[in-house]
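Take a look at the structure set out below.
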Number of protein chains: 2
Amino acid sequence: MVKNRKSCEVPDATIHRLPLYLEKLKLLQAIGVEDVSSRQLAESLDIKASQLRHDFHYFGGFSRPGRPYQVAKLVPALEQIIGIAEPVPTAIIGAGHLGQALANYQNLDVQGFPVRGIFDTNPKLIGLEMRGQPVRDMDELEKVIKEEKIRIAILTVPSTQAQVVANRLVEAGIIGIFNFAPTDLKVPEGVAVRNERLAVGIMSLSFKVKCILQSQDEDITEV
Amino acid sequence: MVKNRKSCEVPDATIHRLPLYLEKLKLLQAIGVEDVSSRQLAESLDIKASQLRHDFHYFGGFSRPGRPYQVAKLVPALEQIIGIAEPVPTAIIGAGHLGQALANYQNLDVQGFPVRGIFDTNPKLIGLEMRGQPVRDMDELEKVIKEEKIRIAILTVPSTQAQVVANRLVEAGIIGIFNFAPTDLKVPEGVAVRNERLAVGIMSLSFKVKCILQSQDEDITEV
DNA sequence: AAGTAACGGTTAAATAATTAACACATAATG
DNA sequence: CATTATGTGTTAATTATTTAACCGTTACTT
């Protein structure tokens, strides 16, 4: 099956757009839209239609020439590609404020990532319930990961502990780490890490804000 | 001052690396490192030295040929560029789980974004204190933004309300919105929005996990 | 004091991503 | 039944980003 291997050689930029396509399509589906053209879908996402078709082209045809996409076919196709055709059991490591926020974030479930384990070392937190899931002691980590067949972990521990915990997760069979600690994790090949750096986000926003303020100043002095 | 205008015409990819440079440099500064070459710094960030020099080149010389960068000069230079030479007062709109998590996220202060206002409409939350800041009623939004000269807002309200609140923020003088709601905000020119889509993050991770699993399967069948 | 190794700035080349263009297919229309 | 409008898949052109190459400087070594 050459397709599979090929379908993994896709630019990151395209991968990041897949969830956006899916989200919009689900929205259309919810209001009863059956067909949608590349132009309509692209326009609603503020991108070019050719880019959307180009993105889809990595995965083979979703329609045939002359006919728009059928929402009912496209949604499961994208879910398959993204890997959420079946629910993906997920763990949250670190039940501090951020961990709690994510554990209570209903969308995680809806989007295909049911939380099947929440872990912490703090005795004050252990036993607390969030959306029906108790906060468990880290001692249970390996057992629960195995029992629940968890493959993805969301890491919300202090950055000092991130690497140690990550090692343990990898050892326990986790192959996808969504890392919220501002640390670069070292992981072996065959493990995917995605760093979510809030600081990067707000700083690049700050850069643009500074540029806006500067251009406003210039406009004034130019008058 | 042509430099200012030019310094805003910088690729997004470069902008996103600036915080990483700054973070690493601060780390070096903390352990007493005075000089660092482009190669050393790049290597520690797992990028090419030429890319780092190319990035810096957008903003003019930070050193002179033959001499490595001086950490003590580079740090404030980057802070200036990013726009955090002075602390940037920030507001959090929505004191739910995520808003609370961010309000309690000490790094925000440290990185130059002191929280000067937390807002919600829920009477049960109003009055609660987080890091010395009370949760305020939305009625006070405009007043506090003005008094505290807040320019950046972190939006953590339900997506149904995101656009309405965003409009109000813009009206009140906010020019940078860090949006955690899974909605595309429409804002006038002169306002910067950065969308932080957790679902996008975890889904692109899921895509890579699926690819890893597939390639493992193939390896087995190939043997 | 000359030679050498290391360095940043700068420009050019290579690579990747986006956008446009086009060929062909479909269904609706007169 | 031809014609037209709309549409995708696919390839080509354009644009953006990354990487490499080179030049002039600096400080160190012998």
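Naming convention: chains lettered A, B, ... in sequence-line order (proteins, then strands); numbering from 1 in each chain.
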With 3.5 Å as the limit, what N/O pairs link the protein to nucleotides 14-18 of chain D?
unit_1 : atom_1 : unit_2  : atom_2 : d
D:dT18 : OP1    : B:Arg17 : NH1    : 3.2
D:dT18 : OP2    : B:Arg17 : NH2    : 2.8
D:dT18 : O5'    : B:Gln51 : NE2    : 3.0

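Considering all non-hydrogen atoms of both residues, A:Asp35 and A:Pro68 come closest at CB-CG, 4.0 Å.
Atom CG in B:Asp46 sits roughly 10 Å away from atom P in D:dT19 (whole-Å rounding). Look at CG on B:Leu45: it is 17 Å from C1' on D:dT19, rounded to the nearest Å. Rounded to a whole Å, the CZ atom of A:Phe59 is 13 Å from the P atom of D:dG9. Atom-to-atom, CG of B:Leu52 to P of C:dT10 comes out at 15 Å; the value is rounded to the nearest Å. Taking atom CG on A:Asp35 and atom C1' on D:dG7, their separation rounds to 11 Å, with Å as the unit. Here D:dT6 presents its P atom at 20 Å from CD of A:Gln70, a figure rounded to the nearest Å. In this structure, the CG atom of B:Leu41 is 19 Å from the P atom of C:dA6, given to the nearest Å. One atom, CD of A:Glu43, and another, C1' of D:dG7, lie 15 Å apart when rounded to the nearest Å.
Proximity of A:Phe180 to B:Leu198: side-chain heavy atoms (C-beta onward) are separated by under 4.5 Å at one or more points. Side-chain contact check for B:His97 versus A:Leu102: every heavy-atom pair is 4.5 Å or farther apart. Residues A:Leu108 and B:Ile202 form a side-chain contact, since some pair of their non-hydrogen atoms from C-beta on lies under 4.5 Å apart. With a 4.5 Å cut-off on side-chain heavy atoms, B:Leu205 and A:Ile152 count as touching.
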Worked check of side-chain hydrogen bond (donor to acceptor under 3.5 Å, both in side chains) between A:Asn167 and A:Gln163: CA-CA 6 Å; A:Asn167 294 345; A:Gln163 183 63 61; 2.8 Å; yes

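Under 4.0 angstrom from either OP1 or OP2 of C:dG8 there lies no side-chain N or O belonging to B:Ser63. Neither OP1 nor OP2 of D:dA20 sits under 4.0 Å from any side-chain N or O of B:Ser50. Residue A:His57 places none of its side-chain N or O atoms closer than 4.0 Å to OP1 or OP2 of D:dG9.
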Contact pattern, 5' to 3', of nucleotides 23-30 of chain D - B, S or - by protein heavy atom under 4.0 Å: -BBSS---

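Using a cutoff of 4.0 Å between basic side-chain nitrogens and carboxylate oxygens, B:Asp12 and A:Lys208 are scored as salt-bridged.
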Output a table of donor-acceptor pairs, distance under 3.5 Å, between side-chain atoms of residues 18-34 of chain B and any protein atom two or more places apart or on a different chain; print 'none' if there are none.
unit_1  : atom_1 : unit_2   : atom_2 : d
B:Tyr21 : OH     : B:Asp55  : OD2    : 2.5
B:Glu23 : OE1    : A:Arg197 : NH1    : 2.8

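Within 6.0 Å of atom CZ in B:Arg39, 12 or fewer heavy atoms from other residues, nucleotides or ligands are found, so the atom counts as exposed in its surroundings.
When heavy atoms are screened at a 4.0 angstrom cut-off, A:Phe62 is found touching the sugar-phosphate backbone but no base atom.
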